[in-house]
Amino acid sequence: MDGQHGGSSNDERNPEKKGDVGMILVHLDLKGAPPKVSYLAEVLPLFSALGANGLLIEFEDTFPYYSELLPLRATHAYSPQEVRELLRLAQINHLEVIPLIQTFGHLEFVLKHREFAHLREVPTYPNSLNTHKEESHQLLQAMIRQMMELHPGVRWLHIGSDEVYYLGEGEESKKYLPENGLAVEDLFMSHLKRVAAHVVSTYPGVRPIAWDDMLRSARAQSLTDSGVAQLVEPMIWDYTPDLDVDSRVALIEKYTKCGFQKIWLASAFKGATGACQQLTRIGHHLENHRRWLQVMQRIPHNTLQGVAVTGWQRYDHFSVLCELLPVGMPSLAVCLQTLKNGSFSEQVATSVQDLLGMSHLDTENCSSEALGSFPGSDVLTLITQVMFFLKTPTQDFLERNQFVTGWFSPFHRKRKMINPVMVQQIEPEAVSLLSNWTLVLGDLQAALLKIFSANTVEEWMEEHSLPYYLQLQELVQDLNTALENQT
């Protein structure tokens with residue numbers, strides 16, 4: 001589908017209104033809790049209204065791979081028709097799409113499969129690709145070809161390449177590196193160059209982007225001599241609130257001296273404060289963006305291509321879900337508006353509240369009870385209730401209530417022993433909590449199913465609600481049984 005750039009020119013996107021920021025991409029991490037296209041149809045206009053003009057879409061196993069790559073396709077993957085519809089929605093909302101495909105590290109979703117396990121750098125670990133095997137390059141080329149088939153007309157392709165763990169530790173690497181007098185960084189840059197060169201030669205006009213973390217410590221001369229700078233635009237990522245502005249400016253200067261013409265930056269609006277985090281710490285992400293704005297003010301305007309505001313859904317393919325997209329929407333709004341306006345102020349906060357339909361915006365606490373009218377706001381409200389007003393009281397009741405721990409311990413429960421007097425101290429609160437859980441979980445499940453597939457809802461509920469609900473349910477059952485034994 002041509003016109004993948006949102007169907008508008010640079011002038012129509014008005015990047016000058018965003019100061020020196022350039023492109024502002026919202027990162028959709030679809031390797032966990034991929035939203036239904038119907039929900040994306042609701043939020044993409046909001047992304048645009050908040051200041052975004054692009055999407056960085058990371059499908060991983062939710063891409064509709066086919067033929068020899070069919071094993072990579074998850075059961076809940078999008079269909080080709082759904083991908084095309086997503087791209088159409090992006091276009092009409094003036095959001096330029098950049099697909100992201102991992103080509104080195106974070107290939108667990110590929111290398112976990114028996115068909116591709118022999119292509120691991122270290123046989124035990126599915127993280128990283130063995131670059132010494134020609135079959136590895138054939139695999140990547142097939143993945144890129146299928147991705148590009150559904151994304152004609154794109155100007156950039158993000159080829160991943162971050163966190164290539166265990167690189168150089170495979171037996172072939174251990175032999176190859178000393179024999180050729182090379183360091184691990186040389187092995188990395190050689191592969192990055194080969195993948196980027198394939199993209200550039202096969203898809204004229206497409207520019208590769210790569211995460212920069214594996215390049216940061218490379219010697220300047222090695223980086224210059226590698227030829228990578230002529231092929232790749234690095235994306236420097238740092239999601240911390242205490243981002244070192246001086247070091248990031250120095251890093252950009254290093255890349256520029258090594259020949260890189262354009263640089264991307266990557267911040268985060270969610271998914272960067274803990275693998276199990278379920279409510280977004282807006283203040284953390286706001287401060288991260290404030291620091292990045294300071295970096296932008298100190299680098300040449302023509303160096304910066306744009307910023308990707310990342311929203312990680314899993315830390316890697318095997319980790320649990322962190323904050324769901326609807327939960328992170330207020331944070332995303334704050335971050336996008338801060339980038340668009342060059343700062344965060346009361347006026348910006350008011351704008352965010354108006355766009356989200358919120359009466360109050362709390363950037364310091366995760367437990368804001370302010371309701372909103374943005375798509376998925378009911379999910380945020382209900383998950384906040386679970387985390388603060390159900391989970392915590394239930395933990396306190398089960399682990400610290402003196403009657404539960406003192407008179408109905410695991411020892412007592414196993415033997416169905418209890419003083420009937422103590423049932424009166426325990427049962428009312430247990431039944432009340434159980435009733436509250438039942439009401440909220442029913443509403444939450446219904447709200448989640450409007451946005452996500454059943455397997456995502458099942459995963460979230462099993463991780464964050466059912467353990468507490470079931471413990472309460474079993475406690476009440478044990479109380480009744482124990483009481484019956486005493487009569």
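A donor-acceptor pair under 3.5 Å is absent between the side-chain atoms of S432 and the main chain of P428, judged by distance alone. Side-chain N or O atoms of W292 include one that pairs as donor or acceptor with a backbone N or O of D238 at under 3.5 Å. For Q313 (side chain) and E323 (main-chain N/O), a donor-acceptor pair under 3.5 Å exists by modelled atom type. Formation of a donor-acceptor pair under 3.5 Å by the E287 side chain with backbone atoms of G283 is not found in this model. Checking side-chain atoms of K391 against main-chain N and O of F388 turns up no donor-acceptor pair under 3.5 Å. Panel note: side chain Y468, backbone V386; no donor-acceptor pair is recorded below 3.5 Å. With hydrogens and angles disregarded, no donor-acceptor distance shorter than 3.5 Å links the side chain of S435 to the backbone of V431. Between the side chain of T310 and the main chain of S267, a donor-acceptor pair closer than 3.5 Å is present. Not one N or O on the side chain of S351 forms a donor-acceptor pair closer than 3.5 Å with the backbone of Q347. Distance alone, capped at 3.5 Å, places no donor-acceptor pair between the D29 side chain and the G311 backbone.
Relative ring orientation between W156 and W264 is described as perpendicular, the plane-to-plane angle rising above 60° on a 0-90° scale split at 30° and 60°. Ring-plane geometry between W237 and W211 is classed as perpendicular, the angle between the planes exceeding 60 degrees on a 0 to 90 degree scale with a lower cut at 30. Taking the six-membered ring for Trp and thresholds of 30 and 60 degrees, F116 and H113 have ring planes more than 60 degrees apart, a perpendicular arrangement. Between Y78 and F59, the two ring planes are perpendicular [angle over 60°; tilted spans 30° to 60°].
Interatomic distance, CG of L40 versus CD1 of I451, reported as 10.0 Å (0.5 Å rounding). Between the CG atom in L286 and the CD atom in E364 there is a gap of 8.0 Å [rounded to 0.5 Å]. Summarising the geometry, atom CD1 belonging to I209 is positioned 10.5 Å from atom CZ belonging to R155; distances are rounded to the nearest 0.5 Å. In this structure, OG1 in T350 is found 11.0 Å from CG in L355, a value given to the nearest 0.5 Å. Atom CG of L265 and atom CE of M23 lie 13.5 Å apart (nearest 0.5 Å). Y65 contributes atom OH, which lies 10.5 Å from atom CG of L150 (distance to the nearest 0.5 angstrom).
Annotation for R400: atom CZ counts as buried by contact number, over 12 foreign heavy atoms lying within 6.0 Å. Other residues, nucleotides and ligands contribute at most 12 non-hydrogen atoms within 6.0 Å of the OH atom of Y125. Within 6.0 Å of atom CD in E399, more than 12 heavy atoms from other residues, nucleotides or ligands are found, so the atom counts as buried in its surroundings.
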As a quick check of understanding, evaluate side chain to side chain contact (heavy atoms under 4.5 Å, CB included) for L324 and L448, giving each step before the final call. CA-CA 10 Å; L324 299 174; L448 288 172; 3.8 Å; yes
Audit row: W437, Q473, side-chain hydrogen bond (donor to acceptor under 3.5 Å, both in side chains) steps and yes/no: CA-CA 10 Å; W437 272 103; Q473 194 175 57; over 6 Å; no
If you apply the rule salt bridge (charged side-chain N to carboxylate O under 4.0 Å, His left out), what do you find for K112 with E60, and how did you get there? CA-CA 13 Å; K112 72 177 184 179; E60 208 205 51; over 6 Å; no
Trace of the side chain to side chain contact (heavy atoms under 4.5 Å, CB included) decision for N480 with E427: CA-CA 9 Å; N480 292 332; E427 190 173 47; 3.1 Å; yes
Start with the C-alpha gap between K270 and V327, add the side-chain angles, then the distance that decides, and say whether side chain to side chain contact (heavy atoms under 4.5 Å, CB included) holds. CA-CA 9 Å; K270 76 176 188 75; V327 172; over 6 Å; no
Check the pair Y66 / E149 against side chain to side chain contact (heavy atoms under 4.5 Å, CB included), numbers first and verdict last. CA-CA 12 Å; Y66 64 91; E149 284 173 356; 2.7 Å; yes
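The two residues C322 and Q278 come nearest to each other via the heavy atoms CA-NE2, 3.7 Å. Between A272 and H285, the shortest heavy-atom contact is CB-CE1, 4.3 Å. Nearest approach of V348 to Q337, heavy atoms of both residues: CG1-CB, 3.6 Å. Counting all heavy atoms, side chain and backbone alike, P330 lies closest to L380 at CG-CD2, 3.7 Å. The two residues V309 and A268 come nearest to each other via the heavy atoms CG1-C, 4.4 Å. Here the closest heavy-atom approach between residue A33 and residue L321 is recorded as N-CD2, 3.7 Å.
A donor atom on one side chain and an acceptor atom on the other are not found under 3.5 Å apart for S343 and N341. With 3.5 Å as the limit, one finds no donor-acceptor pair spanning the side chains of S48 and H94.
Between E42 and K450 there is no salt bridge, since no side-chain nitrogen of the basic residue lies less than 4.0 Å from a carboxylate oxygen of the acidic one. Here R314 does not pair with E58 in a salt bridge; the nearest charged N to carboxylate O distance is not below 4.0 Å.
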